[in-house]
Amino acid sequence: MSNKFKTNEIDTFIYVKNTDKGYTIIYLHVNDILIIGNNDHMIKSIKIILTKKSDMKDLGVANVILGIKLSKIFDGSILSQSHYFEKIFDKFSKCDNFIVKKLRLGNRPIRIFLDN
């Protein structure tokens, strides 16, 4: 990838562009592209360049990435794996090999899985 992007040395599917105006990170995963940055104009220009070079569909703001749920709040973002854990809990709570104990931690329910 060109356009002044540098390939990450550890993960060659990550490309980073850092300028005085901001940064943009592109992450390629199978047939998905995740574009992250702190400058909306840079992100939009990258989308335009990529759209011209390939058949690309913009799915909008990402909600879940690799099992991590992303939420925006007024002064930043929240990363949470509760979405992923709920999926795992639901899967294992249906298995006969596990006993599910439901407990409460403060006002939040938690589940503990015990192997039979």
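- Annotation: side-chain contact (heavy atoms from CB on, under 4.5 Å) contacts of I36 (sequence neighbours excluded): I25, L34.
- Both I35 and L28 are members of a single hydrophobic cluster when ILVMFWY side chains are connected at heavy-atom separations under 4.5 Å.
- By the 4.5 Å heavy-atom criterion applied to side chains, T19 and K4 are not counted as neighbours.
- Closest heavy-atom contact between Y15 and T7: CE2-OG1, 3.5 Å.
- When all heavy atoms of M56 and T51 are compared, the pair lying nearest together is CE-OG1, 3.7 Å.
- Here the closest non-hydrogen pair linking N8 and I10 is OD1-N, 2.8 Å.
- Heavy atoms from other residues, nucleotides or ligands lying under 6.0 Å from CG of D75 number more than 12.
- The side-chain heavy atoms of I26 and I33, taken from C-beta on, include a pair separated by under 4.5 Å.
- Note that CD1 of I14 and OH of Y27 are 6.5 Å apart. Values are rounded to the nearest 0.5 Å.
- In this structure, N38 contributes its side chain and Y23 its backbone to a donor-acceptor pair below 3.5 Å.
- Atoms OG and CG, on S71 and N63 in that order, are 8.0 Å from each other to the nearest 0.5 Å.
- For the atom pair OG1 (T24) and CG (N18), the distance works out to 9.0 Å, reported to the nearest 0.5 Å.
- Screening residues 21-50 for salt bridge (charged side-chain N to carboxylate O under 4.0 Å, His left out), with sequence neighbours left out, gives K47-D58.
- Taken together through direct or relayed side-chain contacts under 4.5 Å among Ile, Leu, Val, Met, Phe, Trp and Tyr, V16 and M42 form parts of separate hydrophobic clusters.
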